[in-house]
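To find a chain, count down the sequence lines: A is the first, B the second, and so on, and within it residues start at 1.
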Amino acid sequence: MTLLLDTIPYARFLGLRSEQDGDVLTVTMPFADHLVGNPMLPALHGGSTAALLELTAVAQVALVWPRLRLPRPITVTTAYLRSGKPRDVHARARISRAGRRVAHVLAEAWQEDPAQPIASLTAHFSMDEHDS
Amino acid sequence: MSDTFLTTLMPQLASGAAHTHALGFVYEGVNGDRVRLRTPWRPDLVGDPQTDVFAGGLVTAMLDHVGGLAVWTKLGRYEPIATLDLRIDYMRPARPRVDLLSEARCYRATRTIGFVRAWAFEDDPADPVAAAQATYVISSDGGRGAGANLKPREDRA
């Protein structure tokens with residue numbers, strides 16, 4: 001699965017790495033200066049964390065439900081729960097439902113403690129091979 | 001709103017941080033309460049190498065950021081803000097190898113929360129790639145004094 005993320009330019013831009021344990025992926029975004037959105041705090045840009053969550057969701061869906069095309073987002077909602085510190089972020093996604101056309105995914109991102117997530121994502125992805 | 005705010009501070013806020021600079025955001029200016037940001041297309045920001053289309057994460061980052069700019073535009077000054085919640089609907093694929101524009105408007109700001117709508121499109125806001133609804137926490141309580149924005153906030157760090 002590291003292979004899939006390695007083929008996505010934006011995942012490489014963010015520096016994402018992943019580990020697979022059975023069917024579960026854990027994706028890590030190692031801290032890097034170019035992820036910072038607020039140099040005063042400093043804090044990660046919300047866009048970095050949201051993109052990590054979205055790509056984790058994409059990779060998890062593609063792992064469990066492989067298709068010719070990557071899942072494409074229909075609606076994505078990100079809740080920002082805590083400020084992202086200048087450290088590594090980890091993320092994991094859970095597929096609530098995967099149908100022929102649509103998959104629903106929940107994902108969370110955390111730093112030190114998985115019980116203290118910094119952001120959560122809920123999203124629907126299109127699994128359709130034929131839409132444009 | 002002062003000219004300095006629009007001509008000096010807003011471009012800084014638009015692309016002055018490391019992440020926004022790395023993504024190549026370009027400040028396109030303010031028109032009334034609407035603010036625009038452009039991301040020139042780049043191959044390293046693609047989400048699916050089969051299509052050469054911008055990654056969803058790039059669209060998210062740009063809409064998150066342009067929404068924050070809209071809050072500052074509404075306030076007419078800089079205050080520390082943080083995104084609370086961001087929902088994005090993807091209406092259609094972006095066109096491959098084309099710059100993406102975004103526009104946002106803060107249609108309501110209370111003392112603590114800014115409510116924003118934003119769109120991403122290639123050339124016509126009426127034909128959006130994606131639309132966002134977002135809320136931002138405004139930390140105006142401690143942010144009014146000169147230089148207050150330069151101090152790290154212990155409770156959030």
Side-chain angles (χ1 to χ4, degrees), chain A residues 4 6-16 29 32-58 62 68-86 119-126 131-132, chain B residues 13 16-23 25 42-68 78 80-93 130-137 148-157:
Chain A
L4 170 66
D6 283 349
T7 66
I8 299 179
Y10 204 73
R12 290 203 301 265
F13 172 83
L14 296 171
L16 302 191
M29 181 169 72
D33 285 336
H34 74 285
L35 303 175
V36 169
N38 183 333
M40 311 290 184
L41 289 174
L44 297 176
H45 196 284
S48 321
T49 308
L52 162 68
L53 283 166
E54 190 176 319
L55 286 162
T56 302
V58 166
L68 289 174
R69 295 179 63 188
L70 288 175
R72 293 167 310 292
I74 304 167
T75 66
V76 179
T77 304
T78 309
Y80 295 95
L81 307 170
R82 293 175 176 83
S83 176
K85 296 171 194 164
S120 81
L121 167 142
T122 168
H124 279 100
F125 288 92
S126 170
D131 67 347
S132 55
Chain B
L13 293 168
H19 192 56
T20 53
H21 178 74
L23 293 173
F25 288 174
R42 264 177 23 206
D44 60 330
L45 303 180
V46 159
D48 183 344
Q50 285 179 35
T51 61
D52 262 359
V53 165
F54 271 130
L58 179 277
V59 178
T60 305
M62 180 162 64
L63 289 172
D64 180 347
H65 202 71
V66 77
Y78 175 82
I81 62 171
T83 318
L84 184 63
D85 196 87
L86 172 68
R87 177 198 162 111
I88 301 180
D89 296 340
Y90 289 88
M91 266 78 77
R92 63 173 175 85
Q133 170 81 47
T135 48
Y136 297 80
V137 177
N149 56 327
L150 301 175
K151 293 175 196 147
R153 288 175 46 109
E154 301 298 335
D155 56 324
R156 306 261 301 279

Which donor-acceptor pairs under 3.5 Å do the side chains of residues 39-48 of chain A make with protein atoms, sequence neighbours left out?
| unit_1 | atom_1 | unit_2 | atom_2 | d |
| --- | --- | --- | --- | --- |
| A:His45 | ND1 | A:Gly47 | N | 2.8 |
| A:His45 | NE2 | B:His65 | ND1 | 2.9 |
| A:Ser48 | OG | A:Leu35 | O | 2.9 |
| A:Ser48 | OG | A:His45 | O | 3.3 |
| A:Ser48 | OG | B:His19 | NE2 | 3.4 |

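- Using a 4.5 Å cut-off between heavy atoms, B:Asp64 contacts chain A through its side chain alone, with no backbone atom that close.
- Under the side-chain hydrogen bond (donor to acceptor under 3.5 Å, both in side chains) criterion, A:Asp33 pairs with no residue, sequence neighbours left out.
- Neither the backbone nor the side chain of A:Leu52 comes within less than 4.5 Å of any heavy atom of chain B.
- A donor-acceptor pair shorter than 3.5 Å cannot be found between the side chains of B:Thr135 and A:Tyr80.
- Distance alone, capped at 3.5 Å, is enough to place a donor-acceptor pair between the A:Arg12 side chain and the A:Asp6 backbone.
- Contact count versus chain A (heavy atoms, under 4.5 Å) is highest, among B:Leu58, B:Thr60, B:Leu63, B:Thr20, for B:Leu58.
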